[in-house]
K.L.:
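Here you go, one structure.
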Amino acid sequence: MGAFLQIGAVADETGLTADTIRFYERERLLHRAMRSSGGFRLFSRSDVADLDFIRNAQELGFSLEEIRDLLILRNTRRSDCGQMEKILQNKISSVREKIASLRKLEHELEQTMIRCQANLRKAEQGKGEDCPAMSEISRGKDRRRR
């Protein structure tokens, strides 16, 4: 049994928490661990490699569902670069959409800050109004509908 690791050792080695490892097991990203006679989970080196793969894929922005597909592809005899290329194209497209959305958000925040700065200058002259940022945030749903 020396070749198998208990969950604490696997957590230390992978940098994941024991709860995260159990979660991956429940989500079927990781097969159910064998149990010792005392009921402890026992993980193989292959399990540790799968956990590293899962963690690395998450760091690259893949969802759990996408990681499930990647694991299936990884565990085929000869992984298919064509299929992987499609997965990567989809991920790149998704990332680009997020970047565009974040740029739009950045622009909106900058415009709100400019209005706040203008209001601060007015306030120095005794002509300030309520904070425009607070008004913008309060109207947030109206702004999104436009």
K.L.:
Under a 3.5 Å threshold, yes or no: a donor from one side chain and an acceptor from the other, between Glu97 and Ser94?
P.N.:
no
K.L.:
Please check if Leu73 and Leu60 belong to a single hydrophobic cluster, counting links between Ile, Leu, Val, Met, Phe, Trp and Tyr side chain heavy atoms closer than 4.5 Å.
P.N.:
yes
K.L.:
Enter the distance from Gln6:CD to Leu42:CG here, rounded to the nearest 0.5 Å.
P.N.:
6.5 Å
K.L.:
Using the test side-chain hydrogen bond (donor to acceptor under 3.5 Å, both in side chains), find all partners of Arg55 that sit at least two apart in sequence or belong to another chain.
P.N.:
Asp52
K.L.:
Can you sort out the partners of Gln117 under side-chain hydrogen bond (donor to acceptor under 3.5 Å, both in side chains), two or more places apart, ordered by chain and number?
P.N.:
none
K.L.:
If you draw a 6.0 Å radius around CG in Asn75, do more than 12 non-hydrogen atoms from other residues or ligands fall strictly inside?
P.N.:
yes
K.L.:
Would a hydrophobic clustering, with Ile, Leu, Val, Met, Phe, Trp and Tyr connected at side-chain separations under 4.5 Å, put Leu120 with Ile114?
P.N.:
no
K.L.:
Quick check: does any side chain N or O of Glu25 sit under 3.5 Å from a backbone N or O of Ala33, one acting as donor and the other as acceptor?
P.N.:
yes
K.L.:
Kindly compute the distance separating SG (Cys116) from CD (Glu136), expressed to the nearest 0.5 Å.
P.N.:
8.5 Å
K.L.:
Is it the case that one hydrophobic cluster holds both Ile7 and Phe23, taking links as side-chain heavy atoms less than 4.5 Å apart, direct or via other members?
P.N.:
yes
K.L.:
Would you say that more than 12 heavy atoms from the other residues, nucleotides or ligands in this model lie under 6.0 Å from the CE of Met84, or not?
P.N.:
yes
K.L.:
Once you round to the nearest 0.5 Å, how far does CG of Leu30 lie from CG of Leu51?
P.N.:
5.0 Å
K.L.:
State whether Phe53 and Arg74 meet the cation-pi test: NZ (Lys) or CZ (Arg) under 6.0 Å from the six-membered ring centroid, and within 45° of the perpendicular axis.
P.N.:
yes
K.L.:
Would you say Asp47 and Ser44 are linked by a side-chain donor-acceptor pair, where the criterion is simply a distance under 3.5 Å?
P.N.:
yes
